[in-house]
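All remarks here apply to the structure that follows.
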2 protein chains.
Amino acid sequence: MNKTIYDVAREAGVSMATVSRVLNGTAVVKEETKAKVLAAIEKLGYRPNAVARGLASKRTKSIGVILPDVSDLFHAEVLRGIEDIATMYQYHIILTNSDAREQREIDLVGTMWEKQVDGLIFISQDVTPQIVKTFEQAQLPVVLCATEDPEGRIPSVSINNEAAAYDATRHFLDRGVTRIAFLGGPPTLPVSRERRKGYEKALSEAGLPLDETLVLHARDLHYEAGLATASAFLHKTSGADAVVAVSDELALGYLNALRERGGEAPQDVLLLGFDNTRLATMLRPQLTTIAQPTYDLGAVSMRLLTKLLHEEAIEQYTVQLPHSIIERDSTAREARA
Amino acid sequence: MNKTIYDVAREAGVSMATVSRVLNGTAVVKEETKAKVLAAIEKLGYRPNAVARGLASKRTKSIGVILPDVSDLFHAEVLRGIEDIATMYQYHIILTNSDAREQREIDLVGTMWEKQVDGLIFISQDVTPQIVKTFEQAQLPVVLCATEDPEGRIPSVSINNEAAAYDATRHFLDRGVTRIAFLGGPPTLPVSRERRKGYEKALSEAGLPLDETLVLHARDLHYEAGLATASAFLHKTSGADAVVAVSDELALGYLNALRERGGEAPQDVLLLGFDNTRLATMLRPQLTTIAQPTYDLGAVSMRLLTKLLHEEAIEQYTVQLPHSIIERDSTAREARA
DNA sequence: CTGAAAGCGCTAACAT
DNA sequence: ATGTTAGCGCTTTCAG
């Protein structure tokens with residue numbers, strides 16, 4: 001059998017309540033008795049049982065994280081940000097993958113509740129009304145990470161996707177490049193839709209017509225999808241001088257499809273990605289990209305959640321982190337013919 | 001206040017024990033009363049409190065995962081394997097990053113104990129005696145993943161690193177390539193050491209002397225380290241016809257360093273990596289690599305842990321998964337001058 | 001400043 | 001087949 005708080009109390013010659021007090025610092029304890037307790041704890045090698053503690057206090061010091069897929073580089077990096085701040089505030093992470101399936105996401109909120117997590121960080125490509133409803137029923141503090149609630153009722157930390165794509169497109173326009181292709185994800189996906197909106201806005205502001213033949217949609221944001229889509233439809237965009245891809249992986253897929261036909265960037269087309277994943281610097285040419293503060297997205301989400309949990313004052317329930325454009329070789333114009 | 005098992009019992013007109021029974025299937029319950037209970041649960045929207053359950057049953061259905069860094073592609077993929085199997089067996093994952101620091105690893109085992117996890121999956125570059133001792137004191141079922149206990153006392157799932165590097169080296173030797181460089185990680189790191197052993201063994205079997213000038217050590221297994229080391233010492237290995245790098249990222253680092261001097265693979269050197277990360281197919285040239293069954297490493301570890309937890313029969317406490325060599329363009333000899 | 005006692009919500013004997 | 005009754009190990013009033 002394992003040591004309990006009773007054993008410590010007996011060993012120290014005090015009551016269990018006192019032990020609890022020195023453990024939690026919930027009340028002042030005389031230095032002398034505190035020392036006795038600490039000694040007893042040390043001697044017995046006692047460690048408090050967090051489960052019992054959770055039951056009695058109704059706070060488990062654990063928070064749930066629901067995300068589509070940890071093995072996705074972007075999510076893994078966000079998660080690292082979450083975890084670091086969680087550790088800092090003494091919270092533990094209970095992690096689950098949703099595979100971006102709505103029903104599973106909803107079910108997971110339920111099992112997270114069963115686990116009595118103190119709060120939830122939710123990462124999804126699409127925060128549907130169903131899901132929002134689930135959050136409200138669950139009565140759990142939730143922070144959306146890298147997404148927003150369209151209705152704005154759930155606290156969130158994200159970037160302004162429309163503005164980011166706008167900036168990306170403007171980057172080319174400002175340099176006199178006007179035939180700009182867009183490689184997006186599924187048209188229904190909010191991120192993809194917002195970015196397309198930014199792309200279109202920049203074009204129309206510049207007085208350019210939207211040329212549908214320059215718009216491609218991959219089935220998701222991964223490399224394989226980018227390669228497949230670009231391979232199949234490269235001819236559509238053959239007139240393009242530049243490509244805005246909504247993820248670094250998609251950009252690379254486009255590039256490799258181009259290479260299959262003997263093309264190269266930036267010589268044949270200027271190429272810009274999204275996310276500034278490690279990939280961007282590992283490639284040759286290095287990839288110009290819109291940097292999302294990936295790690296910070298997670299870190300700030302977790303920080304916001306701690307504020308929610310500790311009822312600290314909160315200025316902003318919906319925070320948008322700044323993005324930036326990082327210029328690298330894939331858009332180096334000097335290299336162009 | 002939230003619904004408890006009492007509320008359900010009252011609503012259904014039975015005792016709480018009966019509710020518990022239909023919830024857990026721990027005893028036969030008459031169909032009729034079972035239906036009443038289920039109806040009551042449904043009506044009240046009752047969900048069992050996993051914390052209370054954990055305290056009473058002394059099993060939390062959660063397992064701890066300690067790994068160096070989730071944002072590392074390899075670990076993230078292993079983790080996904082763990083998580084999938086965990087979900088299948090209804091376990092939850094409590095995740096923590098150790099940053100490969102021994103003291104932190106040891107501390108984390110302690111906090112995992114506090115959380116009353118049913119078991120632990122431990123991923124580390126170096127399973128020191130200190131850590132093994134910690135496991136034994138903690139009395140926790142542990143499975144080492146992607147590493148082994150040198151003493152063989154802790155169950156583990158890994159690959160045979162020495163054999164893998166041996167095969168990689170032989171791959172070149174069998175094709176008449178004899179000047180083979182080795183790009184390893186820190187010499188003290190077990191993985192790196194074992195792989196070097198395999199490299200040396202293949203050479204000596206072939207009657208070739210070990211040429212120290214062909215051996216490079218990066219400070220870790222990441223791209224940046226590979227680039228830095230290769231940039232600084234490329235001249236040392238300039239006579240090499242082939243390079244065995246102990247990770248895909250390291251291989252890419254070498255390649256990009258080579259490119260800085262106008263070189264390219266496979267034209268100037270045949271290049272082989274390790275791990276078969278997604279990177280390998282995303283690059284051009286695509287990278288020949290030793291495939292570790294990354295996902296399976298996690299999945300099999302978790303499966304082994306469930307066997308430990310459920311006291312199922314176990315044939316093998318120390319399993320080695322098969323590796324394989326995947327030939328791609330980076331070692332295509334036809335392309336060589 | 002410290003102790004006694006009542007739960008937290010559930011499982012698991014032990015009865016019936 | 002179902003009910004009764006102790007706890008699980010801790011936090012948290014409430015007294016003193």
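Side chains included, hydrogens not; waters and symmetry mates left out as well; all remaining heavy atoms used. Quick caveat, the model's predicted, so the values are computed rather than measured.
- Nearest-nucleotide mapping onto DNA chain D: of A/Ala17 and A/Val51, the residue sitting toward the 5' end is A/Val51.
- Out of C/dC10, D/dT4, C/dC8, the shortest distance to the side chain of B/Ser15 is found at D/dT4.
- In the interface, the side chain of A/Arg21 is paired with the base of C/dG3 through a donor and an acceptor atom under 3.5 Å apart.
- The CD atom of A/Glu114 sits 13 Å away from the C1' atom of C/dG9 (whole-angstrom rounding).
- Across all strands, A/Ser20 comes closer than 4.0 Å to base atoms (heavy-atom distances).
- Rounded to whole Å, the distance from CD1 on A/Ile5 to P on C/dA4 is 14 Å.
- Residue A/Asn49 places no side-chain N or O under 4.0 Å from the OP1 or OP2 atom of D/dC8.
- Contacts with DNA chain D (heavy atom under 4.0 Å) in residues 25-42 of chain B: B/Val28, B/Val29, B/Lys30, B/Thr33, listed by number.
- Taking atom CD of residue A/Gln116 and atom P of nucleotide C/dG9, one finds them 8 Å apart after rounding to whole Å.
- One interatomic measurement links the two molecules: CE of A/Met16 to P of C/dT2, which rounds to 16 Å at whole-angstrom precision.
- The side chain of B/Arg53 places an N or O atom within less than 4.0 Å of a non-bridging phosphate oxygen (OP1 or OP2) of C/dT11.
- Out of D/dG9, C/dC10, C/dT11, the shortest distance to the side chain of B/Tyr46 is found at C/dC10.
- A/Leu23 has its CG atom 8 Å from the P atom of D/dC10, to the nearest Å.
- Within the 3.5 Å criterion, the main-chain N or O of A/Arg53 finds a donor-acceptor partner in the side chain of A/Ser57.
- Residues A/Arg80 and B/Asp69 are paired through a salt bridge, judged by an N-O separation under 4.0 Å between the basic side chain and the carboxylate.
- Atom P of nucleotide C/dG9 and atom NZ of A/Lys115 are separated by 17 Å, given to the nearest angstrom.
- Taking the ring centre of B/Tyr46 as origin, the terminal cationic atom of B/Lys3 falls outside the region bounded by 6.0 Å and 45° from the ring axis.
- Salt bridge status for B/Arg303 with B/Glu312: present, with a side-chain N to carboxylate O gap under 4.0 Å.
- Distance from the side chain of B/Leu55 is smallest for D/dG9 among the nucleotides D/dC10, C/dC10, D/dG9.
- For the atom pair CG of A/Asn97 and CD of B/Glu83, the computed distance is 4.5 Å after rounding to the nearest 0.5 Å.
- Heavy-atom nearest nucleotides on DNA chain C were determined for A/Tyr6 and for A/Gly13, and the one closer to the 5' end corresponds to A/Gly13.
- Nucleic acid contact class of B/Val14 (heavy atoms, under 4.0 Å, all strands): sugar-phosphate only.
- Between A/Lys58 and C/dG9 there is a side-chain polar atom (N or O) within less than 4.0 angstrom of OP1 or OP2.
- Atom CD1 in A/Ile123 sits 12.5 Å away from atom OG in A/Ser156 (nearest 0.5 Å).
- Residues that satisfy the ring-ring contact (aromatic ring centres under 6.0 Å, His included) test with B/Phe74, not counting sequence neighbours, are absent from this structure.
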